Amino acid sequence: MWKDPLSPEAVEQNLKDAGCPGKFVERFLACYGDCTPEEQLQLLYGQRKALLEQVHDCQKKLDCLDYLRDQIRKGEAGREKPSDQEKKR
């Protein structure tokens, strides 16, 4: 049987630090001593994929905010300030 190099406590803490949900942590730990490395990696890849999707969703939200911010800045740059209008009179 293959032996994992980390203690179950260290694995649990790492999964929690990675933001894994409690059910995933429980599932992984239940498998930790009995699963093959390939099975463990499959579980981790699935969780990684879910986190990466969250990153991409957040990036889309940031892009929307940046677009709006840039449009507001462009609008401000196109407007004349009241003091500039007075100088033209």
Side-chain angles (χ1 to χ4, degrees):
M1 179 184 272
W2 183 79
K3 177 81 169 107
D4 285 304
L6 297 173
S7 71
E9 294 81 16
V11 171
E12 180 178 8
Q13 187 60 53
N14 185 274
L15 293 172
K16 287 179 179 179
D17 291 347
C20 297
K23 288 185 180 187
F24 177 84
V25 173
E26 290 173 15
R27 182 175 169 208
F28 190 87
L29 289 175
C31 167
Y32 188 60
D34 300 326
C35 294
T36 65
E38 291 78 19
E39 291 170 313
Q40 292 174 357
L41 288 172
Q42 281 303 114
L43 288 172
L44 294 175
Y45 287 144
Q47 184 60 29
R48 186 180 191 284
K49 182 180 177 185
L51 288 172
L52 192 55
E53 287 173 3
Q54 290 177 17
V55 167
H56 290 157
D57 289 343
C58 286
Q59 183 61 54
K60 287 178 188 176
K61 292 173 185 176
L62 285 170
D63 290 344
C64 289
L65 290 176
D66 288 346
Y67 171 80
L68 183 58
R69 185 188 62 188
D70 291 344
Q71 293 303 307
I72 291 170
R73 285 181 178 163
K74 285 180 185 176
E76 284 182 342
R79 275 189 253 150
E80 290 183 352
K81 297 177 185 170
S83 61
D84 292 338
Q85 289 175 354
E86 290 174 7
K87 289 179 185 175
K88 290 181 179 180
R89 291 181 190 181

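All residue numbers in this chain count up from 1 along the given sequence. Computed from a predicted structure; not experimentally measured.
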Does the Q40 side chain pair with the main chain of F28, one donor and one acceptor, at a distance under 3.5 Å? no
Residues at least two apart in sequence or cross-chain that pass salt bridge (charged side-chain N to carboxylate O under 4.0 Å, His left out) with D66, listed by chain then number, are R69
Apply side-chain contact (heavy atoms from CB on, under 4.5 Å) to residues Q13 and D17 and explain how you reach the verdict. CA-CA 6 Å; Q13 187 60 53; D17 291 347; 2.7 Å; yes
To the nearest 0.5 angstrom, please state how far the [atom1] atom of [X] sits from the [atom2] atom of [Y].
| X | Y | atom1 | atom2 | result |
| --- | --- | --- | --- | --- |
| L41 | E38 | CG | CD | 7.0 Å |
| L68 | D63 | CG | CG | 12.5 Å |
| E53 | C58 | CD | SG | 12.0 Å |
| N14 | S7 | CG | OG | 10.5 Å |
| D70 | L65 | CG | CG | 11.0 Å |

Is there a side-chain contact (heavy atoms from CB on, under 4.5 Å) between L43 and E39 once you walk through the steps? CA-CA 6 Å; L43 288 172; E39 291 170 313; over 6 Å; no
What about L6 and F24, same hydrophobic cluster or not, with Ile/Leu/Val/Met/Phe/Trp/Tyr joined at side-chain heavy-atom distances under 4.5 Å? yes
